[in-house]
Amino acid sequence: MSWFQADGYVLTGLPAEWEPPGPAGAGRAAAEGLLQDRERDRKLAMLTCLSQHRWMTTTEVEALFFTSSRGAQRQLRRLEEWGLVHRGHRTDPHVGGNWRKYPDLFLLSARGAWVLAHSQRTEPQELIRRAFYAFSNRLHILHGVGVNDFFASLVRASRELPDQGLYHWVGDDSTRRKFQEQGEDIAPDGWGRYLTESEEIYFYLEWDRGTEPSARLRAKAAAADHAGHHVLWVAPSPAREQGIRSALQASNSQGTSWTTHIGQLQEHGPLGEIWQPGPGDGHRQRLTELPGRPRSERQLEDCLGRPGWWLRRPGGTEGM
DNA sequence: CAACTCGATAACGAAGCCCA
DNA sequence: TGGGCTTCGTTATCGAGTTG
């Protein structure tokens with residue numbers, strides 16, 4: 001399984017136009033099929049995740065819900081046939097016609113949002129709006145490909161470890177909304193709650209694409225003091241990581257920032273000794289070595305990727 | 001001697017197939 | 001059903017051979 005292949009950045013295969021959910025009866029067949037499906041709960045949880053994180057790749061769905069890629073492929077195929085999700089292929093414009101090199105990418109369709117809302121007994125407008133928003137931004141989606149990959153790779157790396165796991169993954173959409181509600185216009189790309197045997201480690205993710213001007217980088221660094229939550233910065237290159245570290249130094253950020261770069265992630269994985277403390281020049285540490293807080297009542301068996309976690313946590317990766 | 005062409009091979013993801 | 005193995009279509013890579 002390969003992660004963090006961020007260079008391909010064009011999506012093909014999606015419908016050209018957004019298709020509204022249609023008259024109320026149109027989605028009925030799909031809804032009926034889903035309701036009678038033996039894997040209904042897992043499929044609904046997959047739809048919930050698509051709604052929360054705007055899109056997911058086959059590999060990410062596998063990390064969260066399956067133990068083999070085949071299962072993920074089959075279930076996603078079924079959702080596609082029912083018209084609940086859209087499938088896109090990633091292509092690299094520099095090579096041309098290159099697809100299948102990257103995992104396919106799935107978005108919630110209007111019908112999928114409609115069915116999901118009905119299963120949750122909520123009004124469909126909000127979920128459809130979110131799905132439409134994701135669809136309208138489909139051409140820019142891949143700029144954030146690393147964020148979802150990061151969290152999914154964390155699930156993948158931890159799901160078989162009995163003494164730790166990722167419990168919460170709050171996507172960039174929800175994170176940004178929460179910050180906006182607090183009147184802040186600079187928001188990280190996600191938030192996570194990582195459980196160990198004795199602690200819970202809270203962290204924000206700052207997935208840097210190396211495209212932001214240094215002024216904005218400095219603003220981000222200065223804002224990276226989130227009430228004691230760690231901020232994990234991932235840079236595309238070692239040089240850029242140094243740039244981030246300089247910005248952190250200059251901004252005199254009071255928060256606890258840690259930095260790494262893609263090469264470290266690919267080589268050692270998200271649980272490796274890759275996180276270098278922001279200020280100073282300490283050696284790189286593991287995520288599980290970062291200071292945490294006392295454990296809540298949340299159980300390790302309910303962490304993301306554990307068998308049947310979605311049955312006990314109907315709110316997806318963000319709820320409960 | 002550098003630049004290119006060609007072919008074999010490796011790698012990858014999706015899907016087909018078989019089996020418990 | 002899900003899991004695992006196989007097949008298929010595709011691209012990247014590399015080295016040998018060829019050409020200017």
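Lettering follows sequence order; numbering is per chain, from 1.
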Check: protein-nucleotides 17-20 of chain B nitrogen or oxygen pairs below 3.5 Å:
| unit_1 | atom_1 | unit_2 | atom_2 | d |
| --- | --- | --- | --- | --- |
| B:dC17 | N4 | A:Arg74 | NH1 | 3.3 |

d(CZ, A:Arg42; C1', C:dG3) in whole Å:
12 Å
A:Ile186 side chain near A:Glu184 side chain, heavy-atom distance below 4.5 Å:
no
I need the CZ-P distance between A:Phe106 and B:dG13, as an integer number of Å.
13 Å
Starting from C1' on C:dT1, measure out to CZ on A:Arg77 and report it in whole angstrom.
18 Å
A:Glu241 versus A:Thr259, side-chain donor and acceptor atoms under 3.5 Å
yes
For A:Phe66 and B:dG13, what is the distance between atoms CZ and C1' respectively, to the nearest whole Å?
16 Å
Cationic N near anionic O, under 4.0 Å, A:Lys220 to A:Glu212
yes
Counting only side-chain N and O atoms of A:Gln75, is one of them less than 4.0 Å from OP1 or OP2 of C:dT1?
no
Could you state the atom-to-atom distance from CZ of A:Arg90 to C1' of C:dT10 in whole Å?
16 Å
Going by distance alone, is a donor N or O of one side chain under 3.5 Å from an acceptor N or O of the other, for A:Arg177 and A:Gln180?
no
Quick test of your reading of the model: are A:Asp208 and A:Arg240 salt-bridged, counting only N-O distances below 4.0 Å?
yes
Checking contacts here: which listed nucleotide (B:dA14, C:dG2, C:dG3) is nearest the side-chain heavy atoms of A:Thr67?
C:dG3
Atom CD of A:Glu81 and atom C1' of B:dA15 are separated, to the nearest Å, by 12 Å
Within residues 300-308 of chain A, those residues having any heavy atom closer than 4.0 Å to DNA chain B are none
When rounded to whole Å, the OH to C1' distance for the pair A:Tyr102 and C:dA12 reads 11 Å
With the side chain defined as heavy atoms from C-beta on, A:Ser68 is closest, among C:dG2, C:dG3, B:dG13, to C:dG3
When you check the gap from the basic side-chain N to the acidic O, do A:Glu200 and A:Arg193 get nearer than 4.0 Å?
yes
How long is the line joining CZ of A:Phe65 and P of C:dT1, in whole Å?
18 Å
Look at the side-chain N and O atoms of A:Gln73 and state whether any lies under 4.0 Å from the OP1 or OP2 oxygen of B:dA15.
no
Under-4.0 Å side-chain N/O to phosphate OP1/OP2 contact, A:Ser69 with B:dA14:
no
Would the distance check show the side chain of A:Arg284 and the main-chain N or O of A:Glu273 forming a donor-acceptor pair, the cut-off being under 3.5 Å?
no
So does A:Arg42 pair up with A:Asp37, basic N to acidic O under 4.0 Å?
no
For A:Trp18 and A:Ser136, test the side chains for any donor-to-acceptor distance below 3.5 angstrom and give the result as yes or no.
no
